[in-house]
Number of protein chains: 2
Amino acid sequence: MLSWEERRSLVKIANLYYNDGWTQEQIAKKLGVSRPVISKSLQKAREHKIIEIFIKDETVHTVNLEKKLEEHFGLEDAIVVPISGQTPDVVKLSVAQAGAYYLSKNIKKAKKIGISWGTTLEALVQEYPYEMKKNITIFPLEGGLGRKKVEIHSNQLAYELAKRLGGTCSYLYAPAMAESSELRERLMKMDDINAVLQEAATVDIALVGLSNPYVQSTLEDIGYLNQNDLEQLRQLGVVGDMGFRFFDLNGNPVNSSFNKKVIGISLEQLRNIKKVIGVVSGAHKAESVLASLKGNYINVLVLDEQIATELLYASE
Amino acid sequence: MLSWEERRSLVKIANLYYNDGWTQEQIAKKLGVSRPVISKSLQKAREHKIIEIFIKDETVHTVNLEKKLEEHFGLEDAIVVPISGQTPDVVKLSVAQAGAYYLSKNIKKAKKIGISWGTTLEALVQEYPYEMKKNITIFPLEGGLGRKKVEIHSNQLAYELAKRLGGTCSYLYAPAMAESSELRERLMKMDDINAVLQEAATVDIALVGLSNPYVQSTLEDIGYLNQNDLEQLRQLGVVGDMGFRFFDLNGNPVNSSFNKKVIGISLEQLRNIKKVIGVVSGAHKAESVLASLKGNYINVLVLDEQIATELLYASE
DNA sequence: GCCTCCTTTTTACATATGTTCTATATAGTT
DNA sequence: AACTATATAGAACATATGTAAAAAGGAGGC
């Protein structure tokens, strides 16, 4: 316990230092002691909670979530977007904006970027600013998905992003899912397709979305999966996918009949990309995100506050 | 005004620096920027009051005053803030800070918190740190007060405090003072209003300000009371109010014409709340505080040295 | 009164932080 | 598209702060 005299003196020093902006040297001179005494006094004042430092901003909540996510899942970065009572659509847009911002700040050294598909990534690309960044190439991470909603296809997003970056892009002239594994094999032997996929696996940065195939699933919306398919996936223990590659609760690839028909990079290849940025919004995707984290596919996560909270709660 | 991205980044840096004790060098490395950027960010955060340094100033004198106040008025706690030659505005801010600090250290078990209105409580809320405290609900203790100075209304303060605590808040969609007692009755019968007031009466902690209606009165400032009204109150022996509930020298409720028009919790209800924290600054309020203490409404008092001295002197 | 042990202060050094100036990038304008 | 104005980042330097070890002061024992 400190004496009153000492307490007074600590308060006085603290005030001079923190409120009046004096240097320790000046305070020492004024009080007629050596500087280290002031240095130690300030330490003591902090120890005894005479001085307390608060960080005061609305973003404190989400920044704390980010730190916990980074620590808990060994992420390189996590960006948590506050939901603050907004509708899912608005939150999704905010997440996309945050993703765009993050990408633009971390794109410096990248020469090759891969992009998957989906509505969230579409929003991200639309939010991306136009900036000259020569010598960059964008690769689609999987083929197209038929005629519907062309604007969210991997190829299309690669094209749009390349336009915004002033770079070039490759195309995967192939369906995301071939009609049979045999057809897939044949397509995969084609040089145009094979070469692009090979390169796609070596990008510096990959942008991926995550889905829950059972709830509000774009895959179902566009008619790629029907109820039968979903039932099959459920039986196999699938909880999510990234670019048509389905995985289970632990993030392990699930060998469904689809898997052999998909034209796109594999989960294994994805894991080997140095920087995989997952962009995801909507509470129903929490389980899928958790699984993908367990599978160690993702290095950077951009997500909304609600998923972030659920992820941490689920992994207590 | 700073953008969300920038505030987020400043908070992140400040957090690593002040809470986790990283050096600027380490932070710079982690974020992939040069060290001066971190140095400048921290300066910016200080300028924008994102980083706040609280010096817990107490002297033998104030601690003695606290002890005497606690004994003399049977208070659970008293916090006396030294004035040390500061201007009233600065003292008011210190009192608000001390109140915020006290609340944050005593909020642990609380599930429901009520808050009144006024400039002092507004400052308290603004000083309150952002800290996650799930499952807490904030209730306004009375309705709104017209269009002026919305930021000091009970509803608004409840909202702001809830935001800081990561909790939820209820609203009282009603004026603090209805145009007639008849209108008040009708409003009070509305479910939305009634239910909130019922719950407001059962909060674990209530935060209230105190006023002297005659001197530097916010009630007069915002045009809620005119000279006639004040004269009337004076005739009735009113010496102060808490949330539009006027009381006399002994703390007894005064049945003015206003009383039947107020939409807010009664003094009787306030007295039944386990922990009522009164936060008050400015010598002109001494008499009001004394009366409220006699009325036994308050359990914890946060006040400045000057009022504290006068309270003890008056009740020798 | 002198010595010893313990605490506190200071000196000198190591480290961390703040600042200036230059280089680079960005935005706005013709 | 080229230019200028403006902002921003980084390298190098200046200053401030933290810390270990030596010195000084002070209390208790003989």
Side-chain angles (χ1 to χ4, degrees), chain A residues 1-53 55 77 97 100-111 113 127-136 161-167, chain B residues 1-53 55:
Chain A
M1 198 51 197
L2 296 175
S3 74
W4 276 112
E5 278 166 67
E6 188 161 19
R7 224 164 245 282
R8 280 281 62 196
S9 143
L10 295 185
V11 169
K12 187 169 187 176
I13 292 168
N15 267 314
L16 288 171
Y17 189 75
Y18 285 108
N19 289 336
D20 303 346
W22 293 28
T23 68
Q24 298 187 4
E25 187 97 48
Q26 293 173 306
I27 301 172
K29 194 165 283 173
K30 181 188 158 81
L31 300 187
V33 292
S34 73
R35 196 184 45 71
V37 172
I38 305 299
S39 174
K40 281 167 196 161
S41 296
L42 288 167
Q43 283 176 33
K44 203 169 200 174
R46 280 187 288 263
E47 272 165 31
H48 286 80
K49 300 290 169 89
I50 287 171
I51 298 165
E52 272 194 89
I53 294 171
I55 295 166
D77 268 310
Q97 282 173 340
Y101 184 82
Y102 180 86
L103 180 61
S104 78
K105 294 283 164 191
N106 290 274
I107 208 170
K108 298 263 160 61
K109 307 134 291 177
K111 290 258 168 288
I113 293 183
E127 290 298 324
Y128 203 88
Y130 283 84
E131 54 188 28
M132 264 315 147
K133 178 89 175 63
K134 288 262 167 65
N135 303 321
I136 202 161
L161 186 56
K163 205 165 80 182
R164 275 148 212 272
L165 287 164
Chain B
M1 200 49 197
L2 297 174
S3 70
W4 176 77
E5 276 95 359
E6 187 157 24
R7 287 210 323 272
R8 173 186 165 278
S9 146
L10 295 184
V11 167
K12 191 164 193 165
I13 292 168
N15 204 31
L16 289 170
Y17 189 75
Y18 286 106
N19 290 339
D20 301 352
W22 292 29
T23 68
Q24 298 187 3
E25 187 99 45
Q26 292 173 306
I27 300 172
K29 194 165 282 171
K30 182 190 155 79
L31 301 187
V33 291
S34 72
R35 193 186 48 70
V37 172
I38 305 299
S39 175
K40 284 167 197 164
S41 295
L42 287 168
Q43 284 176 32
K44 202 168 198 172
R46 280 186 287 262
E47 271 166 34
H48 286 80
K49 301 291 165 95
I50 286 173
I51 295 163
E52 184 133 327
I53 293 163
I55 296 169

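Protein chains get the first letters and strands the later ones, always in sequence-line order, with residue 1 at the start of each. Keep in mind that what you see is a predicted model, and the values were worked out from it rather than measured.
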Who passes side-chain hydrogen bond (donor to acceptor under 3.5 Å, both in side chains) against A/Tyr18, sequence neighbours left out? A/Arg46

Could you list the residues that satisfy salt bridge (Lys or Arg N to Asp or Glu O under 4.0 Å) with B/Arg35, not counting sequence neighbours? none

Grab the N/O contacts between the protein and nucleotides 26-30 of chain C below 3.5 Å, and write none if there aren't any.
none

Among all residues two or more places apart in sequence or in another chain, which pass the side-chain hydrogen bond (donor to acceptor under 3.5 Å, both in side chains) test with B/Lys49? none

Rounded to whole Å, please give me the gap between CG in A/Leu31 and C1' in C/dT9. 15 Å

Strictly under 3.5 Å: I want the nitrogen or oxygen pairs between protein and nucleotides 16-20 of chain C, one per line.
from	atom 1	to	atom 2	distance (Å)
C/dT17	OP1	B/Tyr17	OH	2.7
C/dT17	OP2	B/Gln24	N	2.8
C/dG18	OP2	B/Gln24	NE2	2.8
C/dG18	OP2	B/Ser39	OG	3.0
C/dG18	N7	B/Arg35	NH1	3.3
C/dG18	O6	B/Arg35	NH2	2.6
C/dT19	OP2	B/Gln43	NE2	3.1

Output yes when B/Glu5 and A/Lys105 qualify as a salt bridge under the 4.0 Å nitrogen-oxygen rule, no when they do not. no

Of all residues at least two apart in sequence or in a different chain, which pass the salt bridge (Lys or Arg N to Asp or Glu O under 4.0 Å) check with B/Asp20? A/Lys67

The criterion is side-chain hydrogen bond (donor to acceptor under 3.5 Å, both in side chains); which residues satisfy it with A/Tyr17, sequence neighbours excluded? none

In whole angstrom, what separates A/Ile107's CD1 from C/dA25's P? 15 Å

From NZ of A/Lys29 across to P of C/dT9 the rounded distance in Å is 19 Å

Partners of A/Glu127 by salt bridge (Lys or Arg N to Asp or Glu O under 4.0 Å), sequence neighbours excluded? none

Rounded to the nearest Å, what distance is computed from the CD atom of residue A/Glu6 to the C1' atom of nucleotide C/dT9? 14 Å

Which residues satisfy the side-chain hydrogen bond (donor to acceptor under 3.5 Å, both in side chains) test with A/Asn15, sequence neighbours excluded? A/Asn19

